[in-house]
Amino acid sequence: MSQRTERRGIHVDQSDLLCKKGCGYYGNAAWQGLCSKCWREEYQRVRQKQIQDDWALAEKLQREEEAAYPGHTSLGPFSKFEEKKTNEKTRKVTTVKKFFSPSSRTASKKETQEGKTSPSISRHASFDTDQVSKDFVEFLKNLQKPGREIHKQCRAFLVNMSSKKDLGADELSECVQDFYQNLADRQMTHFKGSSESVEQVMDQVEKYIMTRLYKSVFCPETTDDERKDLATQNRIRALHWVTIQMLCVSMDEEIPEVSENVVKAITDIIEMDSKRVPRDKLACITRCSKHIFSAIRITKNEPASADDFLPALIYIVLKANPPRLQSNIQYITRFCNPSRLMTGEDGYYFTNLCCAAAFIEKLDAQSLNLSPEEFERYMSGQASPRCSSAEGEWPHTGQGAGVAATNPVLAQLNHNLEQLSSISSRQEKVMEAAQSLQADLLSWTESVQREVNDILEKYPLTCTVSAIDANNIDNDNLPPPLTPQVFAG
């Protein structure tokens, strides 16, 4: 059996979405298939091992130096290593103390004022930040004393983060996640809060913290997120020819309700880039996914399955080509409250989006049930699925015009061309009918003229004088005229 008849579609086992360590939480490709909890444990283990290795290397170098120069009292590598660690700890303590002095807060404000670049962007960002700060304070007022403690810790954390702009993305993520974890543990132990109330508080804390840190931690210069964004966008543009049939998507866009849900899903996934808070970005992904499930349910007249969802999500991503997709995925991965990514519908939909992005990067001829030659022709623009189907090649679906479903711009262009062709053929028929009518009118006029002439020739007209006019020339036999009678009253 040929490859083309063995349509396999896109299928991902649900177990592949879970953490590779078997903890039951959702994994993430950015964490090497681990959940956030297992990844933090692995990251800390590797980091601790690196510190121990560095310590052992410093001791080894010091011993070698002492053996090479006995009695020499110069500052060895190990001493320098210890001095560096001591200075780092002292600097952190001194910096934290300065955070709570009025002068430091004033200086921070001045530095913030000097760091502004675009007035319009700064005013917009300042308005959002001020509004979020007001909402956060109003929310904490209901908590009274715990609220004041939370606000104090958040402000101290923000000041601390302002001095760590040179850290890498992983280190910044580690700082934020540690703060989330410590604050949540403190609420559970000291404030005796329930799980629901703690989750509400952490949602507000995340909104407040990440709105203030967004500009410095989203797509930082220390990462290659921007390069990945450009590569993903170029890849999606190159795959503009992929049809809904190639992905085996169970959606019929000819149905108005399905088409409406597809448009809403595309809008939501594009809107994700405009949000600042990781939770808000996740909400956009969740709304997009729910619209996809609705479109599949309407098409199939039955509830959608997980196997139907991933191909449809890939199709939506290809049609939308969301801006800065990789940066948004990395931002959510690094700075979202980890409990949202490990469980629940938000975590499930986000994990599927990561799978969709990875699939698009590795998409090949076999994934679309094409031969390598066909795939290369489509990628290079030498051919298109629409032309191939017109020549009797793949795809053979028996659905007529439905086979030509490509990206919306090309589909609309093809639809307009078909309408213009139909109008042109109708116009030709109207012109032929008008010319025939004109010829009929001319022939009818000529035939009427010939008939009139024939009758005139057969029955010629003659002018004669009537008998009355000939015999009564003097009008003698005519009755007298009527004269008016006058009556005297």
Side-chain angles (χ1 to χ4, degrees), residues 30 95-96 98-99 104-137 139 150-180 183 202-230 232-233 269-285 322-338 340-341 350:
T95 307
V96 171
K98 290 181 179 179
F99 288 157
S104 66
R105 290 196 293 268
T106 305
S108 300
K109 290 182 179 179
K110 290 181 179 179
E111 292 176 0
T112 304
Q113 295 287 339
E114 294 175 356
K116 294 182 178 179
T117 55
S118 173
S120 60
I121 296 177
S122 300
R123 284 195 298 269
H124 180 71
S126 178
F127 175 79
D128 292 342
T129 303
D130 292 343
Q131 186 62 42
V132 169
S133 300
K134 292 179 182 178
D135 295 340
F136 185 58
V137 171
F139 173 79
I150 293 172
H151 189 248
K152 180 180 178 181
Q153 293 180 10
C154 290
R155 287 176 60 86
F157 174 74
L158 289 174
V159 174
N160 187 19
M161 288 294 291
S162 65
S163 64
K164 298 181 177 181
K165 296 181 179 179
D166 296 333
L167 293 181
D170 292 337
E171 288 77 10
L172 292 174
S173 173
E174 188 73 13
C175 293
V176 174
Q177 297 297 336
D178 284 342
F179 177 73
Y180 287 159
L183 186 60
M202 292 308 301
D203 287 343
Q204 295 297 323
V205 168
E206 178 189 320
K207 183 177 181 180
Y208 174 69
I209 293 294
M210 296 316 302
T211 301
R212 301 287 294 269
L213 296 179
Y214 177 80
K215 291 181 64 176
S216 59
V217 300
F218 182 85
C219 191
E221 296 180 355
T222 56
T223 65
D224 59 348
D225 293 349
E226 185 175 359
R227 180 187 62 80
K228 291 180 179 179
D229 289 334
L230 295 175
T232 300
Q233 284 196 338
I269 197 68
I270 292 176
E271 186 182 0
M272 173 180 62
D273 186 59
S274 65
K275 304 299 181 181
R276 291 190 166 206
V277 184
R279 179 167 61 96
D280 295 340
K281 292 181 181 291
L282 276 179
C284 292
I285 299 173
R324 300 192 290 185
L325 177 61
Q326 295 293 344
S327 291
N328 282 288
I329 290 177
Q330 293 298 328
Y331 178 72
I332 295 172
T333 300
R334 293 165 183 154
F335 302 107
C336 184
N337 192 333
R340 287 187 172 274
L341 300 183
F350 178 71

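Note that the numbering runs from 1 along the sequence shown for the chain.
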Roughly how far, to the nearest 0.5 Å, is SG of Cys175 from CZ of Phe335?
-> 9.0 Å
So do the side chains of Arg334 and Val176 get within less than 4.5 Å of each other, counting heavy atoms only?
-> no
Minimal non-hydrogen separation, Cys154 against Phe136, with atom names | SG-CZ, 4.0 Å
Pairwise side-chain contact, Arg279 with Asn337, heavy-atom cut-off 4.5 Å (strictly under) | no
How many angstroms lie between CZ in Arg227 and OG1 in Thr232, if you round to the nearest 0.5 Å?
-> 9.5 Å
For residues Gly168 and Thr222, report the shortest heavy-atom separation together with the two atoms involved.
-> CA-OG1, 3.9 Å
Tyr180 side chain vs Val205 backbone, donor-acceptor pair below 3.5 Å = no
Option passing side chain to side chain contact (heavy atoms under 4.5 Å, CB included) with Met272 (candidates Asp280, Leu325, Ile329) | Leu325
Distance, nearest 0.5 Å, that separates CZ of Arg212 from CE of Met161 = 12.5 Å
Mind checking whether Cys219 and Arg324 have side chains closer than 4.5 Å, heavy atoms only?
-> no
Please tell me if the side chains of Leu183 and Phe157 come closer than 4.5 Å, counting only heavy atoms from C-beta onward.
-> no
Test item: Gln177 side-chain N/O and Cys336 main-chain N/O as donor-acceptor pair under 3.5 Å | yes
What do the steps show when you test Val277 against Tyr214 for side chain to side chain contact (heavy atoms under 4.5 Å, CB included), and what is the final call?
-> CA-CA 8 Å; Val277 184; Tyr214 177 80; over 6 Å; no
Output, in order, the C-alpha distance, side-chain angles, deciding distance and verdict of side chain to side chain contact (heavy atoms under 4.5 Å, CB included) for Asp135 and Tyr208.
-> CA-CA 9 Å; Asp135 295 340; Tyr208 174 69; over 6 Å; no
Decide side chain to side chain contact (heavy atoms under 4.5 Å, CB included) for Ser327 and Phe218; before the verdict, give the C-alpha distance in whole Å, the side-chain angles of both, and the deciding distance to 0.1 Å.
-> CA-CA 7 Å; Ser327 291; Phe218 182 85; 3.8 Å; yes
If you round to the nearest 0.5 Å, how far is CZ of Arg155 from CD1 of Ile209?
-> 10.5 Å
Roughly how far, to the nearest 0.5 Å, is the CG atom of Leu172 from the CG atom of Leu167?
-> 5.0 Å
Taking the side chain as C-beta and beyond, is there a heavy-atom pair between Ile332 and Arg340 under 4.5 Å?
-> no
Going by heavy atoms in the side chains, are Glu271 and Ser274 under 4.5 Å from each other?
-> yes
Working for side chain to side chain contact (heavy atoms under 4.5 Å, CB included), residues Asp225 and Gln326 | CA-CA 6 Å; Asp225 293 349; Gln326 295 293 344; 5.9 Å; no
Once you round to the nearest 0.5 Å, how far does CZ of Phe179 lie from CD of Glu206?
-> 11.5 Å
Which heavy-atom pair separates Pro220 from Thr223 by the least distance, and what is that distance?
-> O-OG1, 2.9 Å
